[in-house]
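First the proteins, then the strands, lettered A, B, ... as listed; each starts at 1.
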Number of protein chains: 2
Amino acid sequence: MTASGDGTVGKALDVLDQVASFGRPVRFTELLEHSPFPKATLYRFVQTLTNQRMLSFDPDRGTYAPGVRLVRLAHAAWQTASLAPIARDEIDALSAEVGETVHLAQLDHAQVIYVDKRNAAEPVQMFSQSGKVGPAYCTGVGKAMMAYLPEAALHDVLGQQSYHQFTPTTHTSAESLQAELADIRANGYGFDREEHEPGIICVAVPILTDTNRVLGALSVTSTTTRTNLAGLESLVPRIQTTADAISKEASQWHFPATVTPH
Amino acid sequence: MTASGDGTVGKALDVLDQVASFGRPVRFTELLEHSPFPKATLYRFVQTLTNQRMLSFDPDRGTYAPGVRLVRLAHAAWQTASLAPIARDEIDALSAEVGETVHLAQLDHAQVIYVDKRNAAEPVQMFSQSGKVGPAYCTGVGKAMMAYLPEAALHDVLGQQSYHQFTPTTHTSAESLQAELADIRANGYGFDREEHEPGIICVAVPILTDTNRVLGALSVTSTTTRTNLAGLESLVPRIQTTADAISKEASQWHFPATVTPH
DNA sequence: CAACTAGTTTCATTATTTGAAACTTAGTTT
DNA sequence: AAACTAAGTTTCAAATAATGAAACTAGTTG
């Protein structure tokens, strides 16, 4: 499906992805049917990954599922590689002030990963939200990040979008999308105009380093019954402030003095 | 450090663990100093993992950190391989009723992974709890799970504990621990008698399949200022009920009808 | 500018992966 | 109970990929 190459490790990780993509425990034969690898090869990969606890095997049912070691690694990833812990307080404040759902997202490959979320009303749900994946071409955060990608990376990402038309306003080609990205770059923010779900709109701003690398994006989401694009637009300065604060913290944060002298 | 073997894939995952264990973005040379691999080999692993987005590279600082692809995979793991989504409602109810912190944990290798948590008072913090790792030999959930492990697996796990004495009551040998495990097996539940942190006590019960395989464990935690072991013991029937309900749901859940006929 | 440091590439040697086919269970049918 | 079947597991020579010492590059520093 992904055909990533990168030798044995890449192939093994493809298998891991494949198991994860099922979204449920899966039998060896099922995997085999959807796998480019021959029986024995797939078998050895699945064995290795299970040994490594990246997959877990249910002996009662003979099924494989993503393993708990991933949950543990992800904890580390979330803590050290995501903006979430840095952005925590800022997002809390923003969400309280605007009284709408706030999303913090980052880009993985060509997809958006939501690394944190505040729903003004309900308390947060753990992993159930964090780690969730979405399309880049029809979400506010996705477009905000793409708008600031360097040429080469953008080309890559554009080529990998599916351009499935979820609603009448969804972009269905790289061309129309690219036109909007130019607008976003000019304004510093972008919208989701019910492109993913009818009735759902949002404003999003990118979070950039001082060297203008894309770190992530921040969005405030609402519904067409509660507000409109102009209403959301009025929040931009406030969101911008949050994005800047996160960016500044991110640049200060990372990095310890020097290495212990062995 | 872990020396897991399993060919190239195992080695690459060791490198991944190593990066994760730093808990902060890390330079190539730092990794090299702590790595059993020669320069060129480590270099290639780090490249491959970065290509695969299992590591992310910060070009501004020249540092590596666990990548966001892990967050995404973990979402899948948490959803399909952990008890958390199944146990959600049950844990909500339990936590509301007993008014104390409830932990849901599973075993990874020789360590406890907390996959969900309810703190009656404060709203939940996302990843900061889920994915967190703890020692098995001095936590209620750890001991409850070990008590029901088959001979061979138990031997393995016992050998991998560090037996660091956190408090005066911490087990410091496999022998004393094993004696308690027999008790736990006899009673169906176990305590944490301030073995990890002074003042913190808990009761834990295992979550088992009908074939008696260990799925996870459930605990209610409190402090010595608020209650005592007898107080916690009185909650056991209620906790047991929750554990049974989770076990039943887990057995019904997993598994679709039959495979689509190709 | 020479010496040092951090990161990257090369390439012959070595070790691992590969996958068709054979084999083993366990379950089902005749 | 023998004959089929489907799912999972093992084998082994050939093909491929990983290895790591050493050389190289680029960027700092005394």
Starting at CD of A:E33 and ending at P of D:dA6, how long is that distance when rounded to a whole Å?
12 Å
Suppose we screen for side chain to side chain contact (heavy atoms under 4.5 Å, CB included). Which residues come up paired with A:A144, at least two apart in sequence or across chains?
A:A204, A:P206, A:A217
List the residues meeting side chain to side chain contact (heavy atoms under 4.5 Å, CB included) with A:A110, not counting sequence neighbours, and say none if there are none.
A:V157, A:Q160, A:Q161
Distance-only check: which donor-acceptor pairs under 3.5 Å involve side-chain atoms of residues 40-47 of chain B, not counting sequence neighbours?
| from | atom 1 | to | atom 2 | distance (Å) |
| --- | --- | --- | --- | --- |
| B:Y43 | OH | B:Q47 | NE2 | 2.9 |

Extract, from 5' to 3' on DNA chain C, the first and final nucleotides lying under 4.0 angstrom from some heavy atom of chain A.
C:dT17 to C:dA20
For A:E90, check side chain to side chain donor-acceptor pair (under 3.5 Å) against everything at least two apart and list the hits.
none
Considering residues at least two apart in sequence or located in another chain, which fulfil the ring pair (Phe, Tyr, Trp, His ring centres under 6.0 Å) criterion with A:F166?
A:H164, A:H196
Protein-nucleotides 13-18 of chain D N/O pairs closer than 3.5 Å?
| from | atom 1 | to | atom 2 | distance (Å) |
| --- | --- | --- | --- | --- |
| D:dA18 | OP1 | A:T8 | N | 3.3 |

Does B:D17 come within less than 4.0 Å of A:R69, counting only side-chain N to carboxylate O?
yes
Test ring pair (Phe, Tyr, Trp, His ring centres under 6.0 Å) applied to A:Y148 - qualifying residues, sequence neighbours left out
none
Non-neighbouring partners of B:D60 that pass side chain to side chain donor-acceptor pair (under 3.5 Å), sequence neighbours left out
A:T211, A:R213
In whole angstroms, how far is the P atom of D:dA7 from the CZ atom of A:F57?
14 Å
For B:K39 and for A:Y64, find the nucleotide of DNA chain D with the closest heavy atom, then tell me which residue's nucleotide is more 5'.
A:Y64
